[in-house]
Protein chains: 2
Amino acid sequence: MAPMSSPSPKFELFTQFAEVAKALGNPHRLAILELLAQHERGVDDVASAARLSVANASQHLRLMRKVGLLVSRRNGTQILYRMSDPAVLDLVRALHRVGERNVAEVREIVGGYFRQRDALEPVSREELARRMRDGLVTVLDVRPEDEFDAGHLPQAINAPLRELEKQLRDLPKDRAVVAYCRGPYCVFAFEAVALLRQHGFNARRLEDGFPEWKAAGLPVV
Amino acid sequence: MAPMSSPSPKFELFTQFAEVAKALGNPHRLAILELLAQHERGVDDVASAARLSVANASQHLRLMRKVGLLVSRRNGTQILYRMSDPAVLDLVRALHRVGERNVAEVREIVGGYFRQRDALEPVSREELARRMRDGLVTVLDVRPEDEFDAGHLPQAINAPLRELEKQLRDLPKDRAVVAYCRGPYCVFAFEAVALLRQHGFNARRLEDGFPEWKAAGLPVV
DNA sequence: AAACTATTCAACGTAATTATTGAATTGCAT
DNA sequence: ATGCAATTCAATAATTACGTTGAATAGTTT
């Protein structure tokens, strides 16, 4: 109805915030952010890691710098970009959480993964710790490789979901498998368990995920 | 260089996440989210509160539902929308934090507000509490009105930044003024102090913001 | 100074987003 | 059934976003 009479102060603020969100609204830029979450990188470096043209990577980086997600510094001939602040990582993590939850729900409706819900009951941390001590279980970390590298359960095998199918032949069929992920909403663990069961494994998922395991004071590598 | 050979699994995930961020990348939708953070509302209700046409509001709402930020239910003839999950509010808050910090930095560079940094040293919570008991200070809440209504410091006057200038004449000039905001990065308090000083007030800002005051167990209305 | 490297700029075509309009649904009430 | 209210759909026009290309800039090396 009303055609936006005055550009209210609140609206201006929301416009600012929206600029930040827009800068996150592109898969390539999210990939770049993940790269820069580890350490600062030059444009060329980012471009090849993200499989983008240099000019395109430069555009993305400059946009994110413009809205305050990144900062840059010059080192000789190259420009190094990095995340501006831990709050940016918090923001990205919050986005991942919401996105993951959404993926999980879509799968639940479309594919019906959660039908046999009892079959997917999680293993408690305590139970897994006990079975690990007895050497009776294969532990599968289905998070992306870099998160695995930054810390994981002892004896865990890293098998990012899309590579899990290839790695199936290397898993002993006579041992139970417990898969874990980033946290309670992370859909990877559910999917991993479903896939493993399809291939005849005795598979279950760990309750919650790696951060909760670590926070509970259980051993980490 | 390489034109994106295969649509990698990681890229698909990031595409999902980017859809969520895109849905946040519009000032009207952020305004709608703030409305729905309070309680669920019908389309018509949202449209008039956000000053949008009904069809336009419907489009925004459906988009946010599609990416999982909102859910809806039917109640007779109307459709009620609400936030799907507390994680969505966390995401919005994280976005606000980054956006606020960004606004603050821009102002710092352009306007030089933070030049006389010592003059803007914050008042500690304890000091403010003491001075409030002695009745020696005017307390200014420069957050938006709805946040003020949801809880504020005792005796505080709500003066959203853009309305502060109008309210200046009503403030007693012989009393010190302490302004506070959402938190440590919130730029409103800085700007309020700068404006008050321009007009001859003895003004300072409170350390951190309202949530921290409340968390410290100090009195709240 | 010239050659080289890394990055940015400018211009272009394609695609996506936004708000508007008017028509089409959907459920409820008469 | 018919009419009514709330919402959604479909088509449109204006704006903005995206990636490519080739040229331009800034700093380093010879």
Side-chain angles (χ1 to χ4, degrees), chain A residues 1-5 7 11 14-16 18-33 35-36 40-67 69-82, chain B residues 1-5 7 11 14-16 18-33 35-36 40-67 69-82:
Chain A
M1 289 279 160
M4 186 62 53
S5 55
F11 186 79
F14 282 140
T15 301
Q16 282 277 351
E19 290 302 310
V20 178
K22 270 188 212 169
L24 295 176
N26 175 288
H28 293 303
R29 287 197 288 270
L30 291 179
I32 291 173
L33 280 174
L35 292 171
L36 297 181
E40 69 178 359
R41 293 170 188 256
V43 178
D44 206 46
D45 187 4
V46 169
S48 60
R51 309 182 114 259
L52 298 171
S53 75
V54 173
N56 193 203
S58 174
Q59 285 178 345
H60 284 308
L61 289 165
R62 290 176 56 68
L63 173 61
M64 290 194 280
R65 184 178 64 187
K66 184 173 153 233
V67 303
L69 293 172
L70 304 180
V71 293
S72 65
R73 70 185 178 92
R74 168 154 246 144
N75 181 6
T77 156
Q78 60 176 349
I79 308 279
L80 297 175
Y81 283 86
R82 65 174 189 279
Chain B
M1 287 280 159
M4 186 60 53
S5 54
F11 186 79
F14 283 139
T15 301
Q16 282 278 348
E19 290 302 311
V20 178
K22 271 188 211 168
L24 295 175
N26 177 287
H28 293 303
R29 287 197 289 270
L30 292 178
I32 290 173
L33 279 175
L35 292 170
L36 296 182
E40 68 177 358
R41 293 171 187 256
V43 177
D44 206 45
D45 187 3
V46 169
S48 59
R51 309 180 115 261
L52 298 171
S53 74
V54 173
N56 194 203
S58 173
Q59 286 177 345
H60 285 308
L61 289 166
R62 291 176 56 66
L63 173 61
M64 289 193 281
R65 184 177 64 185
K66 184 172 152 234
V67 304
L69 293 171
L70 304 179
V71 293
S72 65
R73 70 184 178 93
R74 169 154 246 142
N75 182 4
T77 155
Q78 62 177 346
I79 308 277
L80 298 174
Y81 283 87
R82 65 174 189 280

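In the text below, chain A, chain B and the rest are named by the order of the sequence lines, each starting its count at 1.
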Got [X] and [Y] here, is their nearest side-chain heavy-atom distance under 4.5 Å?
X: V43(B); Y: Q78(B); answer: no
X: L24(B); Y: R29(B); answer: no
X: L63(B); Y: L69(B); answer: no

In whole angstrom, give the distance that lies between atom [atom1] of [X] and atom [atom2] of [N].
X: K66(A); N: dC9(C); atom1: NZ; atom2: P; value: 12 Å
X: L52(B); N: dT7(D); atom1: CG; atom2: P; value: 14 Å
X: K22(B); N: dA16(C); atom1: NZ; atom2: P; value: 8 Å
X: D44(A); N: dT5(C); atom1: CG; atom2: P; value: 11 Å
X: F11(B); N: dG19(D); atom1: CZ; atom2: C1'; value: 12 Å
X: N75(A); N: dA6(C); atom1: CG; atom2: C1'; value: 12 Å
X: L70(A); N: dT8(C); atom1: CG; atom2: P; value: 12 Å
X: R73(A); N: dA26(D); atom1: CZ; atom2: P; value: 21 Å

Can a side chain N or O of [X] be found less than 4.0 Å away from OP1 or OP2 on [N]?
X: S58(B); N: dT8(D); answer: yes
X: Y81(A); N: dA6(C); answer: no
X: R62(A); N: dC9(C); answer: yes
X: N56(A); N: dC18(D); answer: no
X: H60(A); N: dC18(D); answer: no
X: T77(A); N: dT28(D); answer: no
X: S53(B); N: dA19(C); answer: no
X: N26(B); N: dT18(C); answer: yes

Inset, instruction - Not counting sequence neighbours, which residues clear side-chain contact (heavy atoms from CB on, under 4.5 Å) with R74(A)? List them please. - result: I79(A)

Legend entry - Which residue lies more 5' along DNA chain D, comparing S72(B) with A55(A) via nearest heavy atoms: S72(B)

Inset, instruction - Nearest-nucleotide wise, let me know which of R65(B) and R74(A) is further upstream toward the 5' end of DNA chain D. - result: R65(B)

Legend entry - Selected nucleotide, minimal atom distance to L63(A) side chain, candidates dA6(C), dT7(D), dC18(D):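 Of all the options, the side chain of L63(A) is nearest to dC18(D).
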
Inset, instruction - Could you tell me whether the side chain of Q59(A) has a donor or acceptor atom within less than 3.5 Å of a complementary atom in the base of dT20(D)? - result: yes

Legend entry - Pair H28(A) and F11(B), ring centroids less than 6.0 Å apart: yes

